[in-house]
Structure formats: C-alpha cells, structure tokens
*Asks:* 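I'd like to ask you about the structure that follows.
The shown structure was predicted, so the numbers you read here are calculated from the model rather than taken from an experiment.
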Amino acid sequence: VGVATAHKALRAGRTVERALAKLHSKRSGPPAPVAAEAYLLHLRRCEAVFRHARVWDPASSSVIPMHPLGRDGESSIFDFLGAPLTQALAQQVCIDATRDPNS
C-alpha cells in the first residue's frame, strides 16, 4: 500500500483498525487477518517507543518514561523498550557522560 492510499484510508476510517479493514475489503483474494494482527502489533510497539521513551528527570535524578507505563508497566508487553536504568547508571550516562548505556 502506498502512502497516499494509506493516508486516504486513515482519514476515512479514523482508526488504524478501520483503515486496515477497509483496505483488506478492497483487495482481491482472501483476507489476511494474521498479517493485519502482526502489523497492528508492530504499530503499537512503534507508538510505545515514542510515547514511553525514557528521558532524564532532573527532579528525581533518574531516567523515567515520558508518559507513565500504566498499571501493567512492568509486564512483558513493554520488554522491547529495554530494562530501566539504575539511578547511578542514569547519572553516569545523562549528567556525567562517563558511561555508554549500551556497554
């Protein structure tokens, strides 16, 4: 699907789920619910990466998610975001710049 077609479907459907349903109903052949589910999972993960990006919080001197993860914030649904940094490591990475968070 091209960008223009995807944009048109999103504007008409107002949600990703409706847009996908509309796009699948227009295509010839059997629907691909597994592909749509996989696409939605990847889309939700991409949204979570931006919504819950970890940022330095000077008030608490720690790295926190930009938006709270919610009640199930420690569940495996957010495992792909990576492990939280300890306060000491966060200080070394964000303030002192003496440590690489990936090492």
*Asks:* Who pairs with Arg44 by salt bridge (Lys or Arg N to Asp or Glu O under 4.0 Å), at least two apart in sequence or on another chain?
*Replies:* Glu17, Glu47
*Asks:* Backbone N or O of Arg51 within a donor-acceptor pair of the His67 side chain at under 3.5 Å?
*Replies:* yes
*Asks:* Apply side chain to side chain contact (heavy atoms under 4.5 Å, CB included) to residues Gln91 and Gln87 and explain how you reach the verdict.
*Replies:* CA-CA 6 Å; Gln91 175 89 24; Gln87 191 169 7; 5.8 Å; no
*Asks:* Looking at Val63 and Cys94, what are the two nearest heavy atoms and their distance?
*Replies:* CG2-SG, 3.8 Å
*Asks:* Do Val93 and Trp56 pass the side chain to side chain contact (heavy atoms under 4.5 Å, CB included) test, and can you show the C-alpha distance, the side-chain angles, and the key distance before you say yes or no?
*Replies:* CA-CA 10 Å; Val93 170; Trp56 174 256; over 6 Å; no
*Asks:* Enter the distance from Met66:CE to Arg54:CZ here, rounded to the nearest 0.5 Å.
*Replies:* 12.0 Å
*Asks:* Indicate if Ile64 and Ile95 have the same hydrophobic cluster label, given that clusters are the connected sets of ILVMFWY residues with side-chain heavy-atom separations under 4.5 angstrom.
*Replies:* no
*Asks:* Minimum heavy-atom separation for Leu85 to Leu89, with atom names?
*Replies:* CD2-CD2, 3.5 Å
*Asks:* Under 4.5 Å side-chain heavy-atom separation, chaining through any Ile, Leu, Val, Met, Phe, Trp or Tyr, what else clusters with Phe50? Say none if it is isolated.
*Replies:* none
*Asks:* Ser60: which residues meet the side-chain hydrogen bond (donor to acceptor under 3.5 Å, both in side chains) condition with it, sequence neighbours left out?
*Replies:* Asp57, Ser62
*Asks:* Where is the tightest heavy-atom contact between Leu81 and Val49, given as atom of each residue plus distance?
*Replies:* CD2-CA, 3.7 Å
*Asks:* Determine the minimum heavy-atom distance between Arg99 and Gln92, stating which atoms define it.
*Replies:* NH1-OE1, 3.1 Å
